Amino acid sequence: MTESLTVHVPLDGGRDYDILIGRGLLDHAGARAAALGGRAAVIVTDETVAALYGARMRAGLEAAGLRSGLVAVTPGEGSKSYATYAAVSDGLLAHRVERNDLVVALGGGVVGDLAGFAAATLRRGVRFLQAPTTLLAQVDSSVGGKTGINSTHGKNLIGAFHQPRLVLADTSTLDTLSEREMRAGYAEVAKYGLIGDAGFFDWCEANWRGIFAGGPERDEAVAICCRAKAGIVVRDEREDGERALLNLGHTFGHALERVTAYDSTRLVHGEGVAIGLALAFRFSARLGLCAGQDAGRVANHLALAGLPTTLAQVPGGCGDADALLDAMAQDKKVRDGALTFILARGIGQSFIAPGIDRAEVRAFLQDELRADGSSA
Ligand code: NAD
Ligand code: GLY
């Protein structure tokens, strides 16, 4: 049996589940899926992941006695759309997925969010299994039950909370991931240290190369992140409070994704998050909340890992301060029109800051846009 680490997510109402983390876990996906019950398991994936792992996953499901099927979408953020959601839902129905069957999300965060949302709404809710194949999805998006698609009004604005029954994070699948996507996922890894675990950020500074290289540090990092996320999700599943901390860097990051039209050739989610993390720390320093030294340390580490940390690094530009503010206006944390940011008093000391003055944000963004990148 493949060695794996297990993180339990102890949600109430019989909704608790395990996150299994280890190399080679995909080979056990069939048996694990069959143990959840049902007669069929239909995979939702994207074309890139289908070519790499689709046949192996289907063979495992069939060998475990499950009728299998596969629905593949175009890779990239553009698939978190109404049109693709409709195609996936119809595809699952064409495969005769019933209430007791299983939807298997095999892929990155795009597939997880899309397949999870389709599972949440198909026949008013069918069970689903997350098999994340990007670093970002293994440390963040496959855990916690947020599912959804984008609207022209903004990111993730159409969605549902729908928890998976199991998360199978086969960390060997990251061996085929591009360097760019590894780096993008690493922004979310570093985020956990920045939110509430300064010791983990120190560990990241010392061990990030091992995560990229596929050493034992990789599984360890995924487990640490999943443990942190599981804790937050169990305490605040519906994001009435603490869960918003997971959005550190995301108010800026989501706005950047929106002004770059969700075009993955320009900016992928994790790159937006990396710039957002650096901005959140520089904004905190500007407001006198945290030391400039901490902001510098955050940007330096992300840059060392190959991530962008300034607005000047957005390919094709990102518009002016007003365009960015406009893109933030539909952030899910907006309350009565006022912006809420996740700010920091230092590394590992993030907090929710409601009612941030738009003029203050505009002035900050204008200065960042004037900078030539040397602030990183
Ligand atoms: P992604 O799903 O687009 O995957 C990135 C690229 O990697 C794709 O082109 C994909 O085909 C390819 N790929 C995936 N696995 C591969 C593998 N093993 N080998 C080779 N190529 C592979 O992007 P992502 O970064 O995984 O996810 C980003 C999405 O996740 C965003 O839409 C974001 O909003 C969402 N997200 C959701 C949550 C949540 O809680 N639900 C949290 C964070 C992010
Ligand atoms: N990534 C944000 C959340 O799961 O809440």
Side-chain angles (χ1 to χ4, degrees), residues 9 26 44-54 56-57 72-81 84 105-117 120 130-150 154-157 159-164 167 169-189 191-192 195 214 225-226 228-230 232-233 235-251 253-254 257-258 262-265 267-274 332-333 342:
V9 187
L26 273 195
V44 178
T45 187
D46 71 31
E47 285 149 7
T48 304
V49 179
L52 289 164
Y53 303 109
R56 182 168 149 205
M57 176 70 109
V73 304
T74 305
E77 187 71 27
S79 281
K80 276 175 61 172
S81 65
T84 314
L106 174 68
V110 164
V111 160
D113 283 9
L114 176 68
F117 185 47
Q130 287 268 20
T133 63
T134 63
L135 180 60
L136 185 139
Q138 294 187 352
V139 300
D140 198 338
S141 61
S142 63
V143 175
K146 277 190 182 175
T147 72
I149 57 172
N150 303 326
K155 208 171 143 69
N156 299 334
L157 292 180
F161 285 97
H162 188 53
Q163 297 290 344
V167 180
D170 182 339
T171 47
S172 71
T173 59
L174 306 188
D175 295 346
T176 55
L177 198 61
S178 69
E179 271 284 314
R180 183 183 180 199
E181 293 295 351
M182 268 307 278
R183 288 196 290 266
Y186 183 70
E188 300 274 16
V189 174
K191 178 190 79 175
Y192 286 98
I195 289 174
C225 296
C226 287
K229 181 154 184 182
I232 290 176
V233 166
R235 290 189 295 271
D236 180 25
E237 183 181 2
R238 313 284 289 197
E239 200 172 308
D240 295 318
E242 184 189 6
R243 186 164 179 171
L245 291 173
L246 292 169
N247 286 321
L248 177 65
H250 285 57
T251 306
H254 283 171
E257 283 188 89
R258 184 154 178 230
Y262 307 110
D263 177 353
S264 310
T265 62
L267 195 78
V268 294
H269 177 73
E271 292 166 341
V273 169
K332 289 192 297 314
K333 295 185 297 308
I342 311 303

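Small disclaimer: the values here were computed from a predicted structure and weren't measured. For ligands, and for the atoms within them, numbers begin at 1 and follow the listed sequence. What you see below is based on every heavy atom in this structure, not just the backbone, and it leaves out hydrogens, waters and symmetry mates.
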- Apply salt bridge (Lys or Arg N to Asp or Glu O under 4.0 Å) to the pair Asp113 and Lys155, showing each step before the final yes or no. CA-CA 12 Å; Asp113 283 9; Lys155 208 171 143 69; over 6 Å; no
Within 4.0 Å of some non-hydrogen atom of Gly108, the atoms of ligand 1 are 2 (O), 26 (O)
Looking only at protein heavy atoms, what sits closest to atom 9 (O) of ligand 1 is Pro75 CB, 3.7 Å
N/O to N/O below 3.5 Å, does that happen between Asp113 and ligand 1?
yes
N/O of Ser178 under 3.5 Å from N/O of ligand 1, yes or no?
no
Of Ser142, Ser141, Gly272, the residue with the heavy atom nearest atom 38 (C) of ligand 1 is Ser141
- Task: Return yes or no for this condition: an N or O of Thr173 is under 3.5 Å from an N or O of ligand 1.
- Result: yes
query: Under 3.5 Å between some N or O of ligand 1 and some N or O of Gly76?
result: no
Which pairs of nitrogen or oxygen atoms, taken one from ligand 2 and one from the protein, are under 3.5 angstrom apart?
residue: ligand 2; atom: 1 (N); partner: Asp140; partner atom: OD1; Å: 3.2
residue: ligand 2; atom: 4 (O); partner: Lys229; partner atom: NZ; Å: 2.6
residue: ligand 2; atom: 4 (O); partner: Arg243; partner atom: NH2; Å: 2.8
residue: ligand 2; atom: 5 (O); partner: Lys146; partner atom: NZ; Å: 2.8
residue: ligand 2; atom: 5 (O); partner: Arg243; partner atom: NE; Å: 2.7
residue: ligand 2; atom: 5 (O); partner: Arg243; partner atom: NH2; Å: 3.4

Any N or O of Leu52 closer than 3.5 Å to N or O of ligand 1: no
Atoms of ligand 1 under 4.0 Å from any heavy atom of Glu77, numbered from 1 in the order shown, are 31 (C), 32 (O)
Quick note on ligand 1: atoms under 4.0 Å from a heavy atom of Lys229 include exactly 40 (O)
Are any of the N/O atoms in Glu188 less than 3.5 Å from those in ligand 1? no
Ligand 1 to Thr176, heavy atom cutoff 4.0 Å, flagged ligand atoms 17 (C), 18 (N), 19 (N), 20 (C)
Short question: side chain of Thr45, backbone of Gly107 - any donor-acceptor pair under 3.5 Å? no
Checking heavy atoms under 4.0 Å, the part of Thr133 that sits near ligand 1 is both
* To do: Please step through side-chain contact (heavy atoms from CB on, under 4.5 Å) for the pair Lys80 and Asn156, ending with a clear verdict.
  => CA-CA 8 Å; Lys80 276 175 61 172; Asn156 299 334; 2.6 Å; yes
If you scan protein heavy atoms around atom 34 (O) of ligand 1, the nearest is Lys155 NZ, 2.8 Å
- Query: Would a 4.5 Å heavy-atom cut-off, applied to side chains only, mark Ile342 and Thr251 as touching?
  - Reply: no
Atom 16 (C) of ligand 1 sits nearest the protein heavy atom Leu177 CD1, 3.5 Å
Under 4.0 Å from one or more heavy atoms of Val49, ligand 1 contributes atoms 13 (N), 14 (C), 15 (N), 16 (C)
Worksheet entry | Any side-chain donor near an acceptor of the partner, Thr176 and Tyr53, under 3.5 Å | yes
A student checking ligand 1 against Tyr53 at a 4.0 Å heavy-atom cut-off should list atoms 18 (N)
